[in-house]
Undergrad: 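What follows is a structure written as C-alpha cells; I'll ask about it next.
Labels below follow one simple rule: chain letters A, B, ... track the order of the sequence lines, proteins then strands, and each chain is numbered from 1. The figures that follow rest on heavy atoms only: side chains count, while hydrogens, waters and symmetry mates do not.
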Amino acid sequence: MVQRDFFQDVHDVVRLIPPGRVTSYGAIAAYLGAKAGARTVGWAMMAGHSVPDLACHRVVNRLGMLTGKHHFGSPDAMQQALEAEGVPVEDDRITDFAQRFWDPAKELG
DNA sequence: TGTGTGACGGGCG
DNA sequence: TCGCCCGCCACAC
C-alpha cells in the first residue's frame, strides 16, 4: 500500500457511503484497520472541510447522534442534509439509525 | 521527539 | 440513554 494519508482513506470511504445511508466513525476506523482510532476519523472529517465532495453529514457516532453538526456552517445544516436524503432525524439523532447504518467493512468487504 | 488535541468508543452505574 | 473515566490513533507545531 502506498503511504496514503489516513485522512485520504477516510474521505475515500465517506465518498462511498450511499445516499440515504449513514455510518459511524468507529465503523470507518475499523474498516481502515484502526478500530480504536474513531477519534482520528472525526479529526479527518474536520480536516475534510476543504474537500467539497465529502458527505460528512452521513457520518455520525455509534448512537446515531449528529455530534458533528456544530462543525457545519449552520447547526441545522447536517440534519437538513440528512432529511433531504430521506434520513429521519429527531432531536439531533437518527431515529432508525440501525436500519440506515452502512458498515463499510461489510458492504465493501 | 514530545506534547496537545479531537465530530469516538467501551465499561460501569 | 446519559454521565463519567479512561484508552486509543493520527496530526500539527
Undergrad: With a 4.0 Å limit, can you tell me whether A/Arg93 has a side-chain N or O closer than that to the phosphate oxygens OP1/OP2 of C/dC2?
TA: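 Checking C/dC2 against A/Arg93, a side-chain N or O does come within under 4.0 Å of OP1 or OP2.
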
Undergrad: When all nucleic acid strands are considered with a 4.0 Å heavy-atom cut-off, which category describes A/His57: base, sugar-phosphate, or nothing?
TA: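 No contact.
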
Undergrad: So, the side chain of A/Arg58 versus the backbone of A/Ile17: is there a donor-acceptor pair under 3.5 Å, distance only?
TA: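 Yes; judged by distance alone, with no hydrogens or angles, the pair exists.
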
Undergrad: Using a heavy-atom cut-off of 4.0 Å across all strands, would you classify A/Ala38 as base, sugar-phosphate, or nothing?
TA: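 Sugar-phosphate, backbone atoms only, no base.
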
Undergrad: Where do A/Val14 and A/Cys56 come nearest, in terms of heavy atoms and distance?
TA: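 Closest approach of A/Val14 to A/Cys56, heavy atoms only: CG1-N, 4.2 Å.
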
Undergrad: In this structure, how many angstroms lie between the C1' atom of C/dC8 and the CZ atom of A/Arg39, rounded?
TA: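 Going from CZ in A/Arg39 over to C1' in C/dC8 covers 8 Å.
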
Undergrad: Report which part of the nucleic acid A/Tyr25 touches: base, sugar-phosphate, or nothing (heavy-atom distance under 4.0 Å, all strands).
TA: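 Base, at least one base heavy atom under 4.0 Å.
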
Undergrad: Once pairs are restricted to Watson-Crick or G-U wobble with both distances under 3.5 Å, how does DNA chain B read as a dot-bracket string, [ ] for crossings and | for other-strand pairs?
TA: .|||||.||||||

Undergrad: Between A/Phe7 and A/His11, what is the ring plane arrangement, given parallel below 30°, perpendicular above 60°, and tilted in between?
TA: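 A/Phe7 and A/His11: tilted rings.
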
Undergrad: Nucleotide range of DNA chain B contacted by chain A, 5' to 3', under 4.0 Å to a heavy atom?
TA: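 Extent of the interface on DNA chain B: B/dG6 to B/dG10.
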
Undergrad: Using only heavy-atom distances, determine whether the side chains of A/Gln79 and A/His57 contain a donor-acceptor pair under 3.5 Å.
TA: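 Judged by distance alone, the side chains do not pair up.
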
Undergrad: Would you kindly give the CE-to-P distance between A/Met46 and C/dA10, to the nearest whole Å?
TA: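 Distance check: A/Met46 CE to C/dA10 P gives 17 Å.
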
Undergrad: Classify the nucleic acid contact of A/Met65 as base, sugar-phosphate or nothing, counting any heavy atom under 4.0 Å across all strands shown.
TA: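 Result for A/Met65 = sugar-phosphate.
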
Undergrad: Whole-Å distance between C/dC9 P and A/Gln8 CD?
TA: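 Distance check: A/Gln8 CD to C/dC9 P gives 22 Å.
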
Undergrad: Scan A/Leu63 against the nucleic acid and name what it touches under 4.0 Å (heavy atoms): base, sugar-phosphate only, or nothing.
TA: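 Counting heavy atoms under 4.0 Å across all strands, the contact made by A/Leu63 is with sugar-phosphate only.
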
Undergrad: Closer to the 5' end of DNA chain B via nearest nucleotide, is it A/Val41 or A/Gly26?
TA: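 Final value for this comparison: A/Val41.
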
Undergrad: Categorize A/Gly42 for me: base, sugar-phosphate, or nothing, with a 4.0 angstrom heavy-atom threshold over every strand shown.
TA: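 Base contact.
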
